[in-house]
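First the structure, in the form of structure tokens, and then the observations on it.
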Amino acid sequence: MADLSVNVCGIDFKNPIIPASGVFGYGREYEELFPLNKLGGIATKGTTLHLRTGNLAPRIAETPAGMLNSVGLQNPGIDHFISTELPYLLTKDLVVLANIAGSTPDECAEVAAKLDDTDVHMIELNISCPNVKQGGAAFGTSCDMAGEVTRKVRQATKKPLVVKLSPNVTSIVDIAKSVEAAGADAVSLINTLLGMRIDINTRRPILRNNVGGMSGPAVFPIAVRMVWQVANAVDIPVIGMGGVSSGRDAIELMMAGASAVQVGAAIFTDPYAPVKIVEEMNEFLDSKGITSVKDIIGTVAPW
Amino acid sequence: MADLSVNVCGIDFKNPIIPASGVFGYGREYEELFPLNKLGGIATKGTTLHLRTGNLAPRIAETPAGMLNSVGLQNPGIDHFISTELPYLLTKDLVVLANIAGSTPDECAEVAAKLDDTDVHMIELNISCPNVKQGGAAFGTSCDMAGEVTRKVRQATKKPLVVKLSPNVTSIVDIAKSVEAAGADAVSLINTLLGMRIDINTRRPILRNNVGGMSGPAVFPIAVRMVWQVANAVDIPVIGMGGVSSGRDAIELMMAGASAVQVGAAIFTDPYAPVKIVEEMNEFLDSKGITSVKDIIGTVAPW
Amino acid sequence: MKYIQGNYIIASKEAIARNIYSFTISCPEVADIACPGQFVHIRAKGYTLRRPISICGIDKTKGTLRIVFEIRGEGTEEISRLNKGDLIDMLAPLGHGFTVSEKFNKVILIGGGIGTPPMLPLAQIFGEKATVISGFRNASAVILQDDFKRTGAEAILCTDDGSAGIHGFVTEPLKKLLTEDKPDAVYACGPMPMLKGIAALCRESGVYCEISLEERMACGIGACLGCACRTQRNDEEYFAHVCKDGPVFNAEEVLW
Amino acid sequence: MKYIQGNYIIASKEAIARNIYSFTISCPEVADIACPGQFVHIRAKGYTLRRPISICGIDKTKGTLRIVFEIRGEGTEEISRLNKGDLIDMLAPLGHGFTVSEKFNKVILIGGGIGTPPMLPLAQIFGEKATVISGFRNASAVILQDDFKRTGAEAILCTDDGSAGIHGFVTEPLKKLLTEDKPDAVYACGPMPMLKGIAALCRESGVYCEISLEERMACGIGACLGCACRTQRNDEEYFAHVCKDGPVFNAEEVLW
Ligand SMILES: Cc1cc2nc3c(=O)[nH]c(=O)nc-3n(C[C@H](O)[C@H](O)[C@H](O)COP(=O)(O)OP(=O)(O)OC[C@H]3O[C@@H](n4cnc5c(N)ncnc54)[C@H](O)[C@@H]3O)c2cc1C
Ligand SMILES: Cc1cc2nc3c(=O)[nH]c(=O)nc-3n(C[C@H](O)[C@H](O)[C@H](O)COP(=O)(O)OP(=O)(O)OC[C@H]3O[C@@H](n4cnc5c(N)ncnc54)[C@H](O)[C@@H]3O)c2cc1C
Ligand SMILES: Cc1cc2nc3c(=O)[nH]c(=O)nc-3n(C[C@H](O)[C@H](O)[C@H](O)COP(=O)(O)O)c2cc1C
Ligand SMILES: Cc1cc2nc3c(=O)[nH]c(=O)nc-3n(C[C@H](O)[C@H](O)[C@H](O)COP(=O)(O)O)c2cc1C
Ligand code: FES
Ligand code: FES
């Protein structure tokens with residue numbers, strides 16, 4: 001049994017596996033299947049200042065080895081999260097990353113400020129949601145905006161601040177550097193890639209929002225590349241995600257430079273995916289005689 | 001039997017299907033399997049001023065529903081193309097798109113100038129190859145550079161000029177507009193997405209070049225989105241590609257706005273893919289009573 | 001709420017119409033807790049998303065569930081390749097089913113096309129108290145009529161082209177029944193325009209109506225918020241989720 | 001050059017060692033034109049890239065090819081699930097095979113691990129003129145020894161751990177043979193370090209040596225330029241392609 005624990009900006013995780021924001025709600029639904037304490041952490045559904053109803057349906061489309069979603073940040077608002085969901089999650093013996101978003105930098109800061117008074121472990125600031133009109137990807141695709149929103153949120157909270165980056169950019173390294181300079185304690189990547197599917201019988205986009213965010217195994221090579229580039233360019237830790245569906249994938253992303261790994265769409269294919277991934281990682285490490293998963297982080301040897 | 005012919009900037013194609021540059025060499029190898037005149041056109045292997053040896057192997061990696069390549073523009077040089085490959089292809093009753101690349105705008109222009117004296121039908125200027133150190137993606141990820149190289153090549157040739165765009169950008173629409181303004185007659189998209197895979201046993205990137213370009217079905221939703229965005233933003237025709245592996249995919253990309261469709265990685269899975277795609281498109285059109293494939297171009301009705 | 005994910009043996013497989021298959025699946029722990037109107041979420045090998053399919057039969061004694069599905073695309077085609085004896089990966093039972101009240105003495109069950117299967121467990125419960133109206137494109141698409149008759153329910157068959165049963169839509173016999181002999185409840189599943197028409201008729205007649213909706217799903221259990229459906233409760237608009245709050249909704253709550 | 005893509009019936013399937021399978025495939029038109037050293041490019045359901053596998057037997061009379069492959073990853077695992085009677089999708093025969101000369105009176109064939117199969121068609125041609133040296137990790141990985149013996153060739157077996165045959169690498173017996181009784185040619189296939197060692201020994205002894213290389217492939221027919229191999233011809237460096245110019249190369253031409 002290898003030591004699977006990791007530490008990301010001062011927070012201890014019993015293992016590196018975290019269900020990604022948006023696929024796991026606030027944990028209650030999957031708790032019917034397994035105890036949440038099997039997980040290293042949970043990234044909660046993107047939460048905003050006020051309740052949001054999200055986009056019209058259809059919000060989901062399938063793609064080769066992946067999917068599109070255009071949920072559009074439906075959520076009950078941060079007050080509900082703090083009063084009802086967070087206290088429950090905090091009893092579950094796993095790290096809680098509160099994923100937050102907002103239409104303006106000030107709104108993001110206000111949400112973060114509310115969390116600052118709670119016992120939440122980390123804040124994951126989503127500056128990369130492709131499914132909302134304001135904020136979202138607009139923040140994540142400009143270095144200036146990314147820096148500004150990070151700075152404002154930084155000022156609003158002393159919690160470890162993870163900024164979640166968009167892959168829909170020319171240089172994710174530049175964005176990562178700019179949020180690092182603005183005070184982020186870590187970055188997480190990748191959010192979804194903007195995609196589209198059309199029903200050729202009706203000639204309508206399958207998603208009511210026309211376009212949506214692509215995730216799942218299809219995007220894994222892009223995640224590996226971006227994690228590798230960013231981990232080599234910044235001094236803060238990187239939380240990796242994008243298409244991870246097996247222990248081997250998680251190991252690969254950690255070798256590329258991730259200190260912890262989030263799992264999204266794979267959970268829809270197999271709800272036990274995060275738990276199995278933990279087991280598979282352990283098997284791999286044992287088979288190689290590696291005693292601690294920390295020893296593989298960033299160990300890829302480029303040619 | 002529906003009318004499958006299309007016309008892209010004045011050039012007639014008997015059908016919209018074109019093997020994409022780099023997967024089909026100069027056509028000779030696949031001619032063992034089927035006559036080239038079954039195809040609408042051929043986009044030839046990216047060719048530069050002088051012979052290039054390309055990158056070290058491994059140059060190929062598999063990914064979920066896709067692949068990476070880092071061939072690095074290995075080619076025999078434009079003079080060989082003009083003396084040996086082009087005359088042969090011109091006897092084959094299909095449109096020849098000469099795909100060209102170069103390390104500097106001037107080099108690209110010089111290659112184009114050489115082609116200007118030949119009977120090649122179109123020039124496809126690749127400003128988006130992720131696998132070479134100079135030129136390549138560097139041109140395709142900046143509006144200024146993309147405009148400059150297009151302008152220089154435009155001045156060097158009167159041939160219809162298609163500029164091939166990179167998906168590794170924040171706004172492909174901006175790049176498309178800038179090459180349109182610089183005199184491109186059409187744009188083709190998408191080239192490959194930059195990705196990486198690591199062999200977790202050796203901790204080495206699978207590709208000797210560390211990173212490579214991702215293509216295949218996995219990228220299809222990104223291609224649909226980008227073709228749709230670009231087709232709605234420019235007045236010149238769009239040649240679509242990226243992950244097309246069936247007649248339904250080709251129809252979808254044309255509904256998104258493509259006037260013709262290139263097929264790449266799918267040919268590796270099934271060498272007859274381009275021929276089958278033509279047949280499947282015809283079947284679909286017939287089943288819907290659509291008499292000409294031209295009638296579906298850009299007909300998606302967004303919500 | 002309670003659901004399980006597991007691999008279960010297909011006890012029998014039958015092709016009951018062109019491209020329509022019936023599977024009986026041995027899954028005692030699921031059958032034990034399943035209710036009419038719920039669905040199962042099936043993994044199709046090679047596909048990222050599971051496919052939601054209604055429960056068409058629950059046999060708690062034998063520990064089996066029955067599903068009936070049509071090949072509509074690649075995923076259902078892949079599932080249709082499974083054979084008797086193979087394992088099927090299900091997350092089940094899911095969702096909020098039909099409200100079944102012992103007080104109901106007369107109910108109408110309406111199924112349109114591949115929306116017919118979820119009506120069968122209700123027919124089994126209500127028996128002679130139920131009238132089942134099923135509508136299909138044409139005679140070759142007709143399914144489950146003998147099953148309905150075996151429950152003791154009255155079965156009225158309609159086809160769009162008149163090639164079997166009554167020529168016309170299910171709303172015609174429904175109109176007649178609503179005026180002639182007002183039922184306690186109407187339950188329906190099928191294409192949206194049909195459900196909309198049924199809901200309007202029930203509203204006019206003041207009859208309680210429940211409908212089962214479809215939406216594209218990812219998680220199937222209410223976590224991803226993918227399968228939104230605009231509803232209203234207590235005069236407030238509310239984005240419910242088909243997989244958790246539905247698939248069965250009170251027709252009055254749905255904002256069409 | 002000539003190759004065909006088609007779906008062919010698997011005439012027989014055998015597990016010949018742990019995770020190693022032997023298929024005999026009925027494909028008269030391919031068998032008819034196949035030569036020793038060529039390979040087939042097999043489609044694995046659900047995977048984008050085909051898998052290259054050497055030809056291990058050619059029976060032009062029966063119209064069959066034999067392949068022997070090891071499960072190394074997901075694609076070969078998928079292919080291993082095919083059974084007798086199933087169709088296998090092949091693009092074949094591909095590549096440039098071994099140079100077989102009637103003038104050769106004594107040849108040495110060397111296979112390392114899963115590099116052994118392509119040596120069998122050569123052994124069939126050379127028969128008693130051939131000495132086959134095969135090397136494996138251990139006794140449980142040993143394959144094809146009886147097949148080699150049936151060709152009349154002399155078969156020398158080595159294992160890394162001495163659990164079968166000679167304890168040590170194939171280069172030991174090779175050294176001996178090169179000095180004792182100089183052959184006309186050496187043919188080899190196996191891991192790179194082994195091939196490098198063999199090439200060096202042959203060069204020292206001035207013996208003609210051909211080796212079969214591996215590289216990751218896409219098209220398999222020379223179109224995509226994916227499977228590059230640094231070689232030199234006429235003192236000029238040249239990026240050859242394993243699928244078309246190889247997999248068999250003159251050892252002298254390869255730049256290691
Ligand atoms: C609660 C519920 C119960 C259902 N019960 C039945 C049933 O008993 N029998 C039956 O034949 N069908 C039923 N359906 C419809 C069935 O889920 C779809 O026909 C099926 O998902 C189509 O998958 P595919 O792979 O064939 O099509 P594809 O078009 O290849 O599927 C692509 C994606 O779209 C989704 N999708 C496509 N059509 C639908 C749809 N109508 N509803 C939801 N998702 C869709 C798929 O699930 C998949 O994610 C039900 C749907 C829901 C939501
Ligand atoms: C000319 C040639 C002949 C071969 N003959 C045989 C044979 O007779 N028997 C046998 O067991 N194996 C043979 N191999 C090796 C065989 O092709 C690989 O073991 C196989 O491709 C691995 O696929 P996978 O799905 O199991 O592995 P994965 O790692 O899942 O494959 C991922 C990708 O890498 C490629 N790949 C991985 N390893 C290799 C490799 N060693 N060579 C080339 N591509 C690789 C795969 O083709 C695929 O594209 C041969 C290879 C070549 C090039
Ligand atoms: C249905 C769905 C909803 C999502 N919602 C959010 C969200 O609210 N906030 C966020 O930061 N990311 C959200 N994401 C993105 C994921 O957290 C993750 O970054 C992405 O899906 C890539 O990982 P994967 O390929 O493992 O799914 C969502 C993804 C999906 C599929
Ligand atoms: C092996 C390989 C080589 C390629 N070489 C070139 C090239 O030389 N020039 C070019 O413009 N695009 C090149 N491409 C990109 C393709 O033309 C195409 O844009 C891309 O693969 C997306 O299409 P696909 O998903 O159908 O493969 C290459 C792609 C592959 C897979
Ligand atoms: S499918 Fe995830 S909430 Fe309904
Ligand atoms: S695999 Fe395409 S050239 Fe060899």
Side-chain angles (χ1 to χ4, degrees), chain A residues 56 61 63-68 137 141-142 166-171 175 193-205 207-212 214 216-229 243 245 248-249 251-256 284 288 296 299-303, chain B residues 56 61 63-68 137 141-142 166-171 175 193-205 207-212 214 216-229 243 245 248-249 251-256 284 288 296 299-303:
Chain A
L56 290 176
T63 71
M67 61 175 289
L68 298 176
T141 53
S142 135
S166 168
N168 300 297
V169 294
T170 307
S171 169
I175 309 272
L193 283 135
L194 200 60
M196 182 180 194
R197 288 305 305 267
I198 297 166
D199 180 332
I200 61 172
N201 293 308
T202 62
R203 299 195 190 181
R204 285 283 194 182
L207 298 175
R208 186 60 197 262
N209 193 44
N210 296 324
V211 295
M214 183 166 119
V219 309
F220 182 63
I222 298 173
V224 175
R225 184 263 293 184
M226 290 188 167
V227 164
W228 181 65
Q229 288 179 325
S245 68
R248 300 180 69 86
D249 293 344
I251 297 275
E252 189 169 333
L253 214 47
M254 291 186 78
M255 287 182 175
F284 174 84
K288 297 280 171 188
I296 66 163
T299 55
V300 63
W303 296 99
Chain B
L56 290 176
T63 70
M67 61 174 289
L68 298 176
T141 53
S142 134
S166 168
N168 300 297
V169 294
T170 307
S171 169
I175 310 273
L193 284 135
L194 198 62
M196 181 180 196
R197 289 305 303 267
I198 299 166
D199 181 331
I200 61 173
N201 293 307
T202 62
R203 300 196 190 180
R204 284 283 195 182
L207 298 175
R208 185 59 197 264
N209 193 44
N210 296 323
V211 295
M214 182 167 120
V219 310
F220 182 62
I222 298 173
V224 174
R225 185 263 294 183
M226 290 187 166
V227 164
W228 180 65
Q229 288 179 325
S245 68
R248 302 181 68 87
D249 293 344
I251 297 275
E252 189 169 333
L253 214 48
M254 291 187 79
M255 287 182 176
F284 174 85
K288 298 279 171 188
I296 67 164
T299 54
V300 62
W303 295 101

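Small disclaimer: the values here were computed from a predicted structure and weren't measured.
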Could you go step by step and tell me if B:Trp228 and A:Ile198 meet the side chain to side chain contact (heavy atoms under 4.5 Å, CB included) rule? CA-CA 10 Å; B:Trp228 180 65; A:Ile198 297 166; 5.6 Å; no
Check A:Met214 against B:Ala218 and note the closest heavy-atom contact, atom names and distance. CE-O, 3.0 Å
Tightest non-hydrogen contact, residues B:Thr170 and A:Thr141, listed as CG2-CB, 3.6 Å
How many angstroms lie between CG in A:Asn201 and CD1 in B:Ile251, if you round to the nearest 0.5 Å? 10.5 Å
Closest non-hydrogen atoms of B:Pro64 and A:Pro217, given as atom of the first, atom of the second and distance, are CG-O, 3.4 Å
A:Leu68, part contacting chain B, at a heavy-atom distance under 4.5 Å: side chain
Under a 4.5 Å heavy-atom cutoff, which of A:Gln229, A:Arg204, A:Met255, A:Met254 has the most pairs with chain B? A:Arg204
Could you list the residues that satisfy salt bridge (charged side-chain N to carboxylate O under 4.0 Å, His left out) with B:Arg225, not counting sequence neighbours? none
Give me the atom names and distance for the closest heavy-atom approach of B:Met196 to A:Glu252. O-OE2, 4.4 Å
Test B:Lys288 against A:Ile200 for side chain to side chain contact (heavy atoms under 4.5 Å, CB included), laying out the working first. CA-CA 11 Å; B:Lys288 298 279 171 188; A:Ile200 61 172; over 6 Å; no
Taking side-chain contact (heavy atoms from CB on, under 4.5 Å) as the definition, give me every residue that meets it alongside B:Arg208, ordered by chain and number, with sequence neighbours left out. A:Trp303, B:Leu56, B:Pro58
Write down the atom of A:Pro302, the atom of B:Asn210, and the distance for their closest heavy-atom approach. CA-OD1, 3.5 Å
Above 12 or not: heavy atoms from other molecules or residues under 6.0 Å from CZ of A:Arg248? no
